[in-house]
Amino acid sequence: MDAENVEEKEKDEEILNKQSPEELKAEAEKLKEAANEFFKNGDYVKAIELYSQAIEKWPRVAAYFGNRSFAYIKTEMFGLALTDATMALQLDRSYIKAYYRRASANMALGKFKLALKDFEAVVKVKPSDKDARAKFNECGRIVKRIAFEKAIAVEEKPVSETIDLESLTIEGDYSGPVLENGQVTLKFVQDLLDTFRDQKKLHSRFAFQILLQIKELFKNLPSLVDIDVPKGQKFTICGDIHGQYYDLLNIFKLNGLPSVDNPYLFNGDFVDRGSFSVECIFVLFSFKLLYPDSFYMARGNHESATMNQMYGFEGEVKSKYPFVLFTFRFKLFNLVFCLVFQFCHFIFLSNSEKPVISKQNNK
């Protein structure tokens with residue numbers, strides 16, 4: 001912090017010190033009301049900003065933390081939501097909404113037993129709350145299912161070691177993309193883009209081959225990826241696509257297909273919500289295989305088992321491919337991405353005096 005900022009902070013603190021508790025409370029309440037309006041209008045980022053300001057003014061109101069926790073849930077920042085809900089309960093153990101917020105955050109993070117405990121606290125106080133009761137029942141079923149699966153689980157070889165690709169016969173009427181000598185080529189990717197655009201499927205044999213190859217590629221990557229961007233060269237970073245395949249096509253139309261001369265980083269959240277998550281992930285994996293040193297993928301919070309169950313990817317894969325394919329892809333996210341991108345730093349180096357650094361942590 002430079003001298004000017006320090007001086008400004010001291011002035012702010014001096015002003016705060018001159019305000020009475022009643023004035024601080026009144027200002028905090030106004031900020032909360034303004035935040036509530038932004039929340040109602042779906043501007044959760046602005047709502048979080050204003051709730052934070054209210055907390056800075058008067059950090060003794062459980063509702064401020066509870067409201068910000070809800071806004072964090074809406075923006076899928078579940079760790080922060082969990083922290084705020086816990087803080088709200090430290091301020092007021094009887095604040096029921098905080099139990100609900102903490103349960104929702106824990107459920108999204110896959111901590112089902114903790115979530116169940118808080119949902120139970122809510123339904124005991126509000127037995128007629130249909131939404132809380134539904135979440136409590138759903139969470140209870142998940143806890144029982146996990147316990148049952150654990151009880152009957154036997155040690156099995158990974159799907160990647162047992163799958164027999166030769167048994168996956170390619171039907172005579174199949175007209176989709178074909179891997180050339182088992183490898184992804186530019187022609188394959190272009191055919192894949194057209195096939196998915198027409199809402200047709202990639203054959204499961206080639207789907208498995210891509211998953212097996214991408215698994216090996218990711219497994220052998222270092223946890224720290226250095227990206228050297230020469231001076232004057234474009235480097236494209238894309239945010240969440242969330243299964244919006246036609247948006248992905250539009251990105252490529254406007255910005256060009258990935259290539260050695262047109263590198264990309266897709267910064268997580270490839271799947272869920274949209275109806276074409278399968279298509280998106282196969283295209284991204286194919287480009288990664290085609291251009292391993294010019295196409296980069298960082299894991300987002302939706303590349304996980306719990307999020308896939310909640311937001312649609314699991315159901316989509318099961319409807320488009322056999323369950324075993326989902327199980328394998330599922331493990332790919334949880335094992336490969338978690339290991340490779342556990343502390344995934346992308347460092348962009350250019351010819352400028354100072355490197356531009358972008359960091360994407362595992363969510």
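FYI, side chains are in, hydrogens and waters are out, and symmetry mates aren't considered; it's all heavy atoms of this structure.
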J.: Below 4.5 Å, heavy atoms only, C-beta onward: do I241 and L284 meet side chain to side chain?
T.: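 Side chain of I241 against side chain of L284, heavy atoms only: contact under 4.5 Å found.
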J.: Nearest heavy-atom pair of V271 and H242: which atoms, and what distance?
T.: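 So the two residues come closest at O-ND1, 2.9 Å.
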J.: Can you list everything that forms a side chain to side chain contact (heavy atoms under 4.5 Å, CB included) with D129? Sequence neighbours excluded, please.
T.: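 Result, side chain to side chain contact (heavy atoms under 4.5 Å, CB included) vs D129: K126, D131, A132.
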J.: Does anything in residues 64-74 form a salt bridge (Lys or Arg N to Asp or Glu O under 4.0 Å)? List the pairs, not counting sequence neighbours.
T.: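 Passing the test, one end in residues 64-74: R68-D84.
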J.: Could you check F188 against V178 for side-chain contact (heavy atoms from CB on, under 4.5 Å), going step by step and ending with a plain yes or no?
T.: CA-CA 6 Å; F188 172 85; V178 176; 5.6 Å; no
J.: If you round to the nearest 0.5 Å, how far is CZ of F70 from CG of N36?
T.: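 CZ of F70 is found 11.0 Å from CG of N36.
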J.: Of all heavy-atom pairs between A88 and Y95, which one has the smallest distance, and what is that distance?
T.: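 Heavy atoms only, the tightest pair is CB-CD2, 4.0 Å.
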J.: Does E49 reach the side chain of K46, with side-chain heavy atoms less than 4.5 Å apart?
T.: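 Counting from C-beta outward, E49 and K46 do come under 4.5 Å.
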J.: Hey, what do you get for CZ (F285) to CE (M297), rounding to the nearest 0.5 Å?
T.: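 That separation rounds to 4.5 Å.
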J.: With sequence neighbours excluded, tell me which residues meet salt bridge (charged side-chain N to carboxylate O under 4.0 Å, His left out) with K40.
T.: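 In terms of salt bridge (charged side-chain N to carboxylate O under 4.0 Å, His left out), with neighbours along the sequence ignored, K40 is linked to E37.
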J.: Yes or no on side-chain contact (heavy atoms from CB on, under 4.5 Å) for F65 and Q90, after CA distance, side-chain angles and deciding distance?
T.: CA-CA 10 Å; F65 289 96; Q90 288 176 4; over 6 Å; no
J.: Taking all non-hydrogen atoms of both residues into account, name the closest pair between P59 and E56 and its distance.
T.: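 The answer is CD-O, 4.3 Å.
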J.: Could you see if I55 belongs to whatever hydrophobic cluster contains L91? Use Ile, Leu, Val, Met, Phe, Trp, Tyr and a side-chain cutoff under 4.5 Å.
T.: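 They do share one cluster, since a chain of ILVMFWY contacts under 4.5 Å joins I55 to L91.
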J.: Side chains of I210 and L202: closer than 4.5 Å at any heavy-atom pair?
T.: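 Yes, at least one pair of side-chain atoms sits under 4.5 Å.
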J.: Is it true that L89 and L114 fall in one hydrophobic cluster, defined by side-chain heavy atoms closer than 4.5 Å?
T.: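 No; tracing contacts between hydrophobic side chains, which count when under 4.5 Å, never links both residues.
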J.: Does some side-chain heavy atom of L249 sit less than 4.5 Å from a side-chain heavy atom of E279?
T.: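 No, side chains not in contact.
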J.: Spell out, yes or no, whether L193 and F266 are grouped together once hydrophobic residues are joined by side-chain heavy atoms under 4.5 Å, including indirect joins.
T.: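 Cluster IDs for L193 and F266 match.
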J.: Do you know which two heavy atoms are closest between Y296 and D293, and how far apart they sit?
T.: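 In terms of heavy atoms, the two residues are closest at OH-O, 2.7 Å.
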J.: Restricting to side-chain hydrogen bond (donor to acceptor under 3.5 Å, both in side chains), what partner residues turn up for R93, sequence neighbours left out?
T.: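 By the side-chain hydrogen bond (donor to acceptor under 3.5 Å, both in side chains) rule, R93 matches no residue at all.
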J.: Report the residues that fulfil side-chain hydrogen bond (donor to acceptor under 3.5 Å, both in side chains) with S94, sequence neighbours left out, ordered by chain and then residue number.
T.: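 Testing S94 for side-chain hydrogen bond (donor to acceptor under 3.5 Å, both in side chains), a comparison that skips the adjacent residues, returns D92.
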J.: Report the C-alpha distance between Y99 and V125 in whole Å, list the side-chain angles of each, state the deciding distance to 0.1 Å, and finish with yes or no for side-chain contact (heavy atoms from CB on, under 4.5 Å).
T.: CA-CA 11 Å; Y99 288 99; V125 177; over 6 Å; no
J.: Evaluate salt bridge (charged side-chain N to carboxylate O under 4.0 Å, His left out) for K135 paired with E138, printing each intermediate quantity in order.
T.: CA-CA 5 Å; K135 289 287 180 66; E138 179 188 0; 6.0 Å; no
J.: List in chain and number order the residues that pass side chain to side chain contact (heavy atoms under 4.5 Å, CB included) with S294, two or more places apart in sequence or in another chain; answer none if no residue qualifies.
T.: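 Per chain and number, S294 pairs via side chain to side chain contact (heavy atoms under 4.5 Å, CB included) with V260, P263, Y291.
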J.: When you compare the side chain of L186 with that of Q190, does any pair of heavy atoms fall below 4.5 Å?
T.: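 Heavy-atom side-chain distance check passes, below 4.5 Å.
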J.: If you measure from CZ on F38 to CD1 on I48, what distance do you get to the nearest 0.5 Å?
T.: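 Here the interatomic distance stands at 13.0 Å.
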J.: Can you check side-chain contact (heavy atoms from CB on, under 4.5 Å) on F287 and V189, steps first, answer last?
T.: CA-CA 7 Å; F287 272 120; V189 178; 3.3 Å; yes
J.: Check the surroundings of atom NZ in K201: do more than 12 heavy atoms from other residues, nucleotides or ligands lie under 6.0 Å from it?
T.: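 Counting other residues, nucleotides and ligands, NZ of K201 exceeds 12 neighbours.
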J.: Are M87 and L31 linked, directly or through intermediate hydrophobic residues, by side-chain heavy-atom contacts shorter than 4.5 Å (ILVMFWY only)?
T.: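 Looking at the clustering, M87 is in a separate group from L31.
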J.: Might you point out which heavy atoms bring A81 and I73 nearest each other, and give the distance in Å?
T.: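 In terms of heavy atoms, the two residues are closest at CB-CG1, 3.5 Å.
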J.: If you look at every heavy atom in K113 and V143, which pair is closest and at what distance?
T.: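 Result for this residue pair: N-CG2, 4.1 Å.
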J.: Using side-chain heavy atoms (C-beta onward) and a distance below 4.5 Å, is P258 in contact with F252?
T.: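 Side chain of P258 against side chain of F252, heavy atoms only: contact under 4.5 Å found.
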J.: Looking at residues at least two apart in the chain, or sitting in another chain, which of them share a salt bridge (charged side-chain N to carboxylate O under 4.0 Å, His left out) with K124?
T.: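 Salt bridge (charged side-chain N to carboxylate O under 4.0 Å, His left out) check on K124 returns E120.
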J.: Measure the shortest side-chain to side-chain distance between I170 and F206 over non-hydrogen atoms and say whether it is less than 4.5 angstrom.
T.: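 Yes, their side chains come closer than 4.5 Å.
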J.: Could you label the plane-to-plane angle of the Y245 and F276 rings as parallel, tilted or perpendicular, counting under 30° as parallel and over 60° as perpendicular?
T.: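 Ring orientation of Y245 relative to F276: tilted.
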J.: Nearest 0.5 Å, what's the CZ-CG distance between F295 and N262?
T.: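 The distance works out to 10.5 Å.
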J.: Once side-chain hydrogen bond (donor to acceptor under 3.5 Å, both in side chains) is applied, do any residues pair with K187, and if so which ones, sequence neighbours excluded?
T.: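 Partners of K187 under the side-chain hydrogen bond (donor to acceptor under 3.5 Å, both in side chains) test: D191.
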J.: Any side-chain to backbone donor/acceptor pair from Y44 onto Y72? Under 3.5 Å, distance only.
T.: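 Not a single qualifying donor-acceptor pair exists.
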J.: Using 0.5 Å steps for rounding, measure from the CG atom of L82 to the OG atom of S69.
T.: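 Between atom CG of L82 and atom OG of S69 there are 7.5 Å.
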J.: Enter the distance from R102:CZ to K117:NZ here, rounded to the nearest 0.5 Å.
T.: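 Those atoms lie 7.5 Å apart.
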J.: Is it the case that the side chain of N137 and the backbone of R133 share a donor-acceptor pair, with hydrogens and angles ignored and the cut-off at 3.5 Å?
T.: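 Such a contact is found between N137 side chain and R133 backbone.
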J.: For K200, give me all partners under side chain to side chain contact (heavy atoms under 4.5 Å, CB included), at least two apart in sequence or on another chain.
T.: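 Scan of K200 (side chain to side chain contact (heavy atoms under 4.5 Å, CB included), adjacent residues dropped) gives T195, D198.
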J.: Not counting sequence neighbours, which residues clear salt bridge (charged side-chain N to carboxylate O under 4.0 Å, His left out) with R145? List them please.
T.: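 Partners of R145 under the salt bridge (charged side-chain N to carboxylate O under 4.0 Å, His left out) test: E149.
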J.: Not counting sequence neighbours, which residues clear side-chain hydrogen bond (donor to acceptor under 3.5 Å, both in side chains) with N106? List them please.
T.: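 Not a single residue meets the side-chain hydrogen bond (donor to acceptor under 3.5 Å, both in side chains) criterion with N106.
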J.: Any chance the rings of Y100 and F119 have centres within less than 6.0 Å?
T.: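 Yes - the distance between ring centres of Y100 and F119 falls below the 6.0 Å cut-off.
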J.: Compare all side-chain heavy atoms of F218 with those of K288 and state whether any distance is below 4.5 angstrom.
T.: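 Touching, per the 4.5 Å side-chain cut-off.
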J.: Applying the 4.5 Å side-chain criterion to the ILVMFWY set and letting contacts propagate, would L257 and L248 be lumped into a single cluster?
T.: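 As far as the 4.5 Å side-chain criterion goes, L248 and L257 are connected within one cluster.
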J.: Can you sort out the partners of E29 under side chain to side chain contact (heavy atoms under 4.5 Å, CB included), two or more places apart, ordered by chain and number?
T.: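 Residues passing side chain to side chain contact (heavy atoms under 4.5 Å, CB included) with E29: K32, E33, Y64.
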